[in-house]
Novice: 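A single structure is presented below for examination.
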Amino acid sequence: RHPLATFFHLFFRVSAIVTYLFCDWFSNSFVACFVTILLLLSFDFWSVKNVTGRLLVGLRWWNQIDEDGKSHWMFEARRVPTIAASTEAEARIFWLGLIICPVIWTMFFFSTLFSLKLKWLALVIAGISLQTANLYGYIHCKLGGQKTISRVTSRLFGTADVPKRQSRRISEDGTEEHGKTGTR
């Protein structure tokens, strides 16, 4: 069980949303609100990508640049069932937080756009981008090496040569890593 990881998985996400909603009540400074929310979103992105995803559902993703300067997206999943590493409730909390928050930021986008509060638009777009990047990475990890996902990733990130070079290695912690998709 990982109660601290579960707490921080939701803490930064919810804090960014609550701060966005009520920041005008506590501060008249747009810059202070903008920076505070952006920092919360950044803390959330980092903690979800590097800590809570690994602990709560056994998934992780990252980008690796080889010596030739080519970008390789790495996706990894545990070999053992996720239930052994964490509880089913923690996994549900992880996925619900991962899915619901980008939806909320998308609603903020449309409300900001239609209410013509354009100075907040850059912040909302940053929120959508960071939240959606984590969601996309973890969905890709969860689905594994399905061919359609690999093709979409290749087209989206311009790394058509990645599926050709599927390197495989075993890391120190027993994780099997592949160039596109790994399982643990």
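Scope of the values below: all heavy atoms of this structure, side chains included, with no hydrogens, waters or symmetry mates.
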Novice: Would you say the side chain of His2 lies within less than 4.5 Å of the side chain of Thr52, judging by non-hydrogen atoms?
Specialist: no

Novice: Name all residues meeting the side-chain contact (heavy atoms from CB on, under 4.5 Å) criterion together with Ala32; count only those two or more places apart in sequence or in a different chain, and write none if there are none.
Specialist: Ser27, Ser29

Novice: For the residue pair Phe11 and Phe7, categorise the inter-ring angle as parallel (less than 30°), tilted (30 to 60°) or perpendicular (more than 60°).
Specialist: parallel

Novice: For Phe22, what residues pass the side-chain contact (heavy atoms from CB on, under 4.5 Å) criterion, not counting sequence neighbours?
Specialist: Val18, Trp25, Phe26

Novice: For Phe34, I'd like to know if atom CZ has over 12 heavy atoms of other residues, nucleotides or ligands within 6.0 Å.
Specialist: yes

Novice: Identify the heavy atoms of Thr132 and Pro102 that sit nearest to each other, and give their distance.
Specialist: OG1-CB, 4.1 Å

Novice: If you look only at pairs with a residue in residues 106-135, which of them pass as a ring-ring contact (aromatic ring centres under 6.0 Å, His included), with sequence neighbours excluded?
Specialist: Tyr20-Phe108, Tyr20-Trp120, Phe30-Trp120, Trp105-Phe108

Novice: I need the minimum non-hydrogen distance between Lys117 and Thr112, along with the two atoms involved.
Specialist: O-CG2, 2.9 Å

Novice: Under 3.5 Å, is there a donor-acceptor pair between the side chain of Arg13 and the main chain of Gly97?
Specialist: yes

Novice: Grab the two heavy atoms, one from Leu38 and one from Ala126, that are nearest each other, plus how far apart they are.
Specialist: CD1-CB, 4.0 Å

Novice: Identify the heavy atoms of Val48 and Leu98 that sit nearest to each other, and give their distance.
Specialist: CG1-CD1, 3.9 Å

Novice: Look up atom CZ in Arg60 and atom SG in Cys141, then write down how far apart they are to the nearest 0.5 Å.
Specialist: 9.5 Å

Novice: What about Phe12 and Phe45, are their ring centers closer than 6.0 Å?
Specialist: no

Novice: Under the side-chain contact (heavy atoms from CB on, under 4.5 Å) test, which residues partner Val51, sequence neighbours left out?
Specialist: Trp46, Leu55

Novice: Checking Asp44 against Leu130 for the side chain to side chain contact (heavy atoms under 4.5 Å, CB included) test, could you report, in this order, the C-alpha distance in whole Å, the side-chain angles of both residues, the deciding distance, and whether it holds?
Specialist: CA-CA 9 Å; Asp44 170 63; Leu130 292 171; over 6 Å; no

Novice: Rounded to the nearest 0.5 Å, what separates atom CG in Leu135 from atom CD1 in Ile100?
Specialist: 11.5 Å

Novice: Is there side-chain contact between Leu56 and Ile93, with at least one heavy-atom pair below 4.5 Å?
Specialist: no

Novice: side-chain contact (heavy atoms from CB on, under 4.5 Å) with Leu118: which residues, sequence neighbours excluded?
Specialist: Leu113, Leu121

Novice: Side chains of Trp61 and Asn134, heavy atoms from C-beta outward: is any pair under 4.5 Å?
Specialist: yes

Novice: Under a 4.5 Å cut-off applied to non-hydrogen side-chain atoms, are Arg54 and Leu59 in contact?
Specialist: no

Novice: So how far is it from Leu116 CG to Ser111 OG, rounded to the nearest 0.5 Å?
Specialist: 11.5 Å

Novice: Find the distance between OG (Ser47) and CZ (Phe8) and round it off to the nearest 0.5 Å.
Specialist: 8.5 Å

Novice: Please check if Val103 and Val124 belong to a single hydrophobic cluster, counting links between Ile, Leu, Val, Met, Phe, Trp and Tyr side chain heavy atoms closer than 4.5 Å.
Specialist: no

Novice: Starting at CD of Gln64, measure out to CE of Met74 and round the result to the nearest 0.5 Å.
Specialist: 4.5 Å

Novice: Find out whether Ile104 and Gln131 are in side-chain contact, i.e. whether some heavy atom of one side chain is under 4.5 Å from a heavy atom of the other.
Specialist: no

Novice: For a 4.5 angstrom cut-off between non-hydrogen side-chain atoms, does Ile17 reach Cys101?
Specialist: yes

Novice: With sequence neighbours excluded, tell me which residues meet side-chain hydrogen bond (donor to acceptor under 3.5 Å, both in side chains) with Asn63.
Specialist: Ser71

Novice: For the backbone of Lys70 and the side chain of Asp68, can you confirm whether one donor and one acceptor N or O come within less than 3.5 Å of each other?
Specialist: no

Novice: Does NZ or CZ of Lys49 fall inside the cone over Trp62's six-membered ring, less than 6.0 Å from its centre and within 45° of the axis?
Specialist: no

Novice: Take Tyr138 and Phe94 through the ring pair (Phe, Tyr, Trp, His ring centres under 6.0 Å) test and state the conclusion after the steps.
Specialist: CA-CA 10 Å; Tyr138 283 111; Phe94 177 83; 5.2 Å; yes

Novice: Is the shortest heavy-atom distance from the side chain of Lys142 to the side chain of Trp95 under 4.5 Å?
Specialist: yes

